[in-house]
Every structure is written in C-alpha cells, then in structure tokens.
Amino acid sequence: MASDTNDYWFPAKRYGWGWGVPTRWQGWAVFLGYFALLGLAAWWIRPDRAPFAFFLATVGLSAVLALVCWFKGEPPRWRWGDKE
C-alpha cells in the first residue's frame with residue numbers, strides 16, 4: 001500500500017479536506033502551468049477592465065486544477081492528523 005501513495009501527484013493534506021503541495025514532477029508541472037496560465041489571463045484579460053471575464057477565466061482554470069487533483073491525487077476525505 002505504501003507504493004500506492006508514491007503514484008499520487010498530489011498527496012492529501014494532513015488536516016482537513018483536500019490536497020497539499022505536489023510531490024511528483026508531474027504535479028509541479030501542473031501547478032506551475034496553472035499559475036503561468038493565471039498570469040497570462042491577468043495580462044491578456046486585464047482584470048481592471050473586464051473583471052467578470054477574468055473571474056470566469058480564474059474559475060475555469062481553478063476547476064481544471066481541481067479536476068487534475070481529483071484524478072491524480074490521493075482520494076480526498078476529512079483528515080484529523082496522523083491517525084489512519
């Protein structure tokens with residue numbers, strides 16, 4: 001079972017629900033790509049001129065990131081610490 005967790009790009013957080021920082025290079029590539037595309041959206045859409053369009057771009061990019069985390073990360077559940 002321990003080798004199974006090494007295949008996840010995004011490990012589960014120790015406390016709470018969701019994922020932590022990436023542990024594999026693929027996860028870091030997705031993470032850096034997300035921030036690069038977010039910066040590109042801010043440069044191209046200009047949030048001060050089109051805030052709703054920028055909001056939609058941010059929601060769309062974040063949804064794609066969440067889907068990648070869902071499929072390539074550890075199964076999410078509420079966690080209370082080191083107890084399994």
Side-chain angles (χ1 to χ4, degrees):
M1 189 78 171
S3 65
D4 243 2
T5 59
N6 293 337
D7 292 337
Y8 295 124
W9 295 0
F10 301 93
K13 291 173 26 178
R14 180 175 292 178
Y15 296 100
W17 192 91
W19 302 275
V21 293
T23 55
R24 309 266 318 230
W25 71 266
Q26 296 95 333
W28 281 108
V30 169
F31 207 58
L32 293 175
Y34 168 77
F35 284 112
L37 289 173
L38 196 59
L40 186 63
W43 176 76
W44 189 52
I45 297 174
R46 297 289 307 260
D48 57 335
R49 295 187 184 164
F52 187 69
F54 179 70
F55 172 75
L56 289 178
T58 302
V59 168
L61 289 171
S62 298
V64 170
L65 177 64
L67 282 173
V68 171
C69 288
W70 186 273
F71 287 110
K72 297 309 248 177
E74 222 174 317
R77 64 179 171 87
W78 190 264
R79 297 174 194 273
W80 294 100
D82 288 331
K83 294 187 286 186
E84 284 295 320

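Note that this is a predicted model, so its numbers are computed, not measured.
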Problem set entry | Whichever hydrophobic residues join V59 through chains of side-chain contacts under 4.5 Å | F52, F55, L56
Problem set entry | Geometric class of the W17/W70 ring pair [parallel <30°, tilted 30-60°, perpendicular >60°] | tilted
For this session: Keeping to residues at least two apart or across chains, list the salt bridge (charged side-chain N to carboxylate O under 4.0 Å, His left out) pairs with something in residues 55-73.
Result: none
For this session: With sequence neighbours left out, write down each residue that passes side chain to side chain contact (heavy atoms under 4.5 Å, CB included) with P51, or none if nothing qualifies.
Result: none
Exercise. Looking only at heavy atoms, what is the nearest atom pair of W19 and P76, with distance?
Worked result: CZ2-CG, 3.8 Å
For this session: Scan residues 27-41 for pairs that pass salt bridge (charged side-chain N to carboxylate O under 4.0 Å, His left out), counting only residues two or more places apart or in two chains.
Result: none
Just list the side-chain donor-acceptor pairs under 3.5 Å for residues 24-45, sequence neighbours left out, or say none.
{"from": "R24", "atom 1": "NH1", "to": "N6", "atom 2": "O", "distance (Å)": "2.8"}
{"from": "W28", "atom 1": "NE1", "to": "P22", "atom 2": "O", "distance (Å)": "3.1"}
{"from": "Y34", "atom 1": "OH", "to": "S62", "atom 2": "OG", "distance (Å)": "2.8"}

Problem set entry | Nearest-0.5 Å distance that lies between atom CZ in F10 and atom CG in L65 | 6.0 Å
Exercise. Any salt bridge (charged side-chain N to carboxylate O under 4.0 Å, His left out) pairs touching residues 25-46, not counting sequence neighbours?
Worked result: R46-D48
Exercise. Taking all atoms of both residues into account, what is the closest heavy-atom pair of R79 and K13, and its distance?
Worked result: CD-O, 2.9 Å
